[in-house]
Amino acid sequence: MENDKSFCLPLMSIDEERNQLWSCFATATFADVCGSFFLVSPAHALVEMNQKPVYVAIDEPITLAGHGIIKNEAMDVAAIKLSNSTVDKIKGIVLFVTPEFVHNHPPGESEQRSEVLGFPSNRNTMKTRTHRVGKSALRYTANDISESFFPDDEYMKEFHFALEYDEKNLLDEDLNSTQPRKMHGVSGGLISELFWNDVHISGRIQGILLGSKKAKKALIGLRYEYILAWIEKNFDAFPEAPH
């Protein structure tokens, strides 16, 4: 994986409570399916697009005006087919998810942790004085607790997974104890599985963050394997992106 690129970026819209300044409301990942390129985020997060202008936050924010959305409300996932001009603007800084990233195999017997990468609202807002947008990612490391989490009345093990989220026992990306995090804006963030032993270290993409289930002290992810299959199955239904 290329160090100077990222699998996800913040999505920003107007924050009416902050004098119309921009604020991150969700995180997006990007997928390459059948040679076309898609923005992916939870369906509940992209409700914002029905009412307000939305931008992909890079140095020169990119408008998503005119892009059509396909949603699967039951699975809480949405995708947007990106225009060629949008792809040209982000391809230098974005890694697009492909099956190879999802199906990468871990090295033999190894330790395993999951890592969430997203852009919380409190770290990614337009500054009142300079009108510049700060862009700062949050990384959170956790154990996969799917075996004990399922069965569940909302989520299905076939499509979802669960990560431990105990606010009194949190780890950062270096596996050090850290303080509780403000998670608003991290929905849609990338979740990766990290594997390591004495000889090798590797990773693969696990899915995107949908939200939390506090009663079970868990974060809920949707498997990227499902997302890629869903986009491919509905490929012809996606509106053509604006030119």
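Bear in mind that the values here come from a model prediction, so they are computed numbers and not experimental data.
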**Q** Can you tell me how far CG of L209 sits from OH of Y165, rounded to the nearest 0.5 angstrom?
**A**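 Atom-to-atom, Y165:OH and L209:CG are 10.0 Å apart.
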
**Q** To the nearest 0.5 Å, what is the distance between CZ on F119 and CG on L11?
**A** 10.0 Å

**Q** A79 and W230: which non-hydrogen atoms are nearest, and at how many Å?
**A**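 Looking at all heavy atoms of both residues, the closest pair is CB-CZ3, 3.8 Å.
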
**Q** Could you tell me whether the side chain of I93 reaches within less than 4.5 Å of the side chain of K5, counting heavy atoms only?
**A** no

**Q** If you measure from CD on Q206 to CZ on R223, what distance do you get to the nearest 0.5 Å?
**A**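 Atom-to-atom, Q206:CD and R223:CZ are 6.5 Å apart.
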
**Q** Indicate the atoms forming the closest heavy-atom contact of I70 with P239, along with that distance.
**A** CG1-CD, 4.0 Å

**Q** Are any of the side-chain heavy atoms of L82 and I90 separated by less than 4.5 Å?
**A**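 Answer yes - side chains close enough.
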
**Q** If we check side chain to side chain contact (heavy atoms under 4.5 Å, CB included) with L46, which of these qualifies: I80, V54, V40, V77?
**A**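 Between L46 and the candidates, side chain to side chain contact (heavy atoms under 4.5 Å, CB included) is satisfied uniquely by I80.
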
**Q** With no hydrogens and no angle check, is any side-chain donor or acceptor of S41 less than 3.5 Å from a backbone partner on T27?
**A**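 Present.
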
**Q** Without swapping roles, check the side chain of N72 against the backbone of M75 for a donor-acceptor pair under 3.5 Å.
**A** yes

**Q** So, K71 side chain and H44 main chain: donor-acceptor pair closer than 3.5 Å or not?
**A** no

**Q** If you apply the rule ring pair (Phe, Tyr, Trp, His ring centres under 6.0 Å), what do you find for F238 with F38, and how did you get there?
**A** CA-CA 10 Å; F238 281 92; F38 297 83; 4.9 Å; yes

**Q** May I ask you to decide if E154's main-chain N or O and D152's side chain share a donor-acceptor pair within less than 3.5 Å?
**A** yes

**Q** With rounding to the nearest 0.5 angstrom, report the CE to CG distance, M12 to L64.
**A** 13.0 Å

**Q** Whether E240 and K81 form a salt bridge (side-chain N of Lys/Arg under 4.0 Å from carboxylate O of Asp/Glu) is what I want to check.
**A** yes

**Q** Which atoms form the tightest heavy-atom contact between P151 and K216, and what is the distance?
**A**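 Shortest heavy-atom separation between P151 and K216 comes out as O-NZ, 3.4 Å.
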
**Q** Is there a chain of hydrophobic side chains (I, L, V, M, F, W, Y, each step under 4.5 Å between heavy atoms) that links L194 to L117?
**A** no

**Q** Within the 4.5 Å heavy-atom criterion, are Y140 and L163 side-chain neighbours or not?
**A**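 No. Closest side-chain heavy atoms not under 4.5 Å.
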
**Q** Just so I know, are the side chains of H67 and L39 near enough to count as touching, which here means a heavy-atom distance under 4.5 Å?
**A**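 Sidechains of L39 and H67: no contact.
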
**Q** Considering non-hydrogen atoms only, spot the tightest contact between A162 and S146 and give its length.
**A**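 Closest approach of A162 to S146, heavy atoms only: N-OG, 3.0 Å.
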
**Q** Nearest 0.5 angstrom please: F150 CZ to F161 CZ, how far?
**A** 9.0 Å

**Q** Would you say E147 has more than 12 foreign heavy atoms packed within less than 6.0 Å of its CD?
**A**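 No, the 6.0 Å shell around CD holds no more than 12 heavy atoms from other groups.
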
**Q** Are S36 and F235 close enough, and set up right, to give a side-chain contact (heavy atoms from CB on, under 4.5 Å), and what steps lead you there?
**A** CA-CA 9 Å; S36 292; F235 189 86; 3.5 Å; yes

**Q** Salt-bridged, D153 to K213, with N to O below 4.0 Å?
**A** yes

**Q** Between CZ of R113 and CG of D144, what distance do you get to the nearest 0.5 Å?
**A** 11.5 Å

**Q** Please examine the side chains of C8 and S6, heavy atoms only from C-beta on, and report whether any two atoms are closer than 4.5 Å.
**A**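 Yes, at least one pair of side-chain atoms sits under 4.5 Å.
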
**Q** Taking all atoms of both residues into account, what is the closest heavy-atom pair of N143 and Q112, and its distance?
**A**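 Scanning both residues completely, I find the closest heavy atoms to be OD1-O, 4.4 Å.
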
**Q** Closest approach of P120 and L138, non-hydrogen atoms and distance?
**A** CD-CB, 3.7 Å

**Q** Quick check: do L228 and P99 have side-chain heavy atoms less than 4.5 Å from each other?
**A** yes

**Q** Taking a hydrophobic cluster as the set of Ile, Leu, Val, Met, Phe, Trp and Tyr residues connected by side-chain heavy atoms closer than 4.5 Å, whether directly or through intermediates, do Y226 and I205 fall within one such cluster?
**A**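 Hydrophobic grouping puts Y226 with I205.
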
**Q** With side chains defined as the heavy atoms from C-beta onward, is the minimum distance between Y224 and F101 less than 4.5 Å?
**A** no

**Q** Give me the one residue out of V94, T86, L9 that meets side chain to side chain contact (heavy atoms under 4.5 Å, CB included) with V56.
**A**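 Going through V94, T86, L9 one by one, the side chain to side chain contact (heavy atoms under 4.5 Å, CB included) with V56 is satisfied by L9 alone.
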
**Q** Does the side chain of F149 come within less than 4.5 Å of I220's, by heavy atoms?
**A**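 Touching, per the 4.5 Å side-chain cut-off.
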
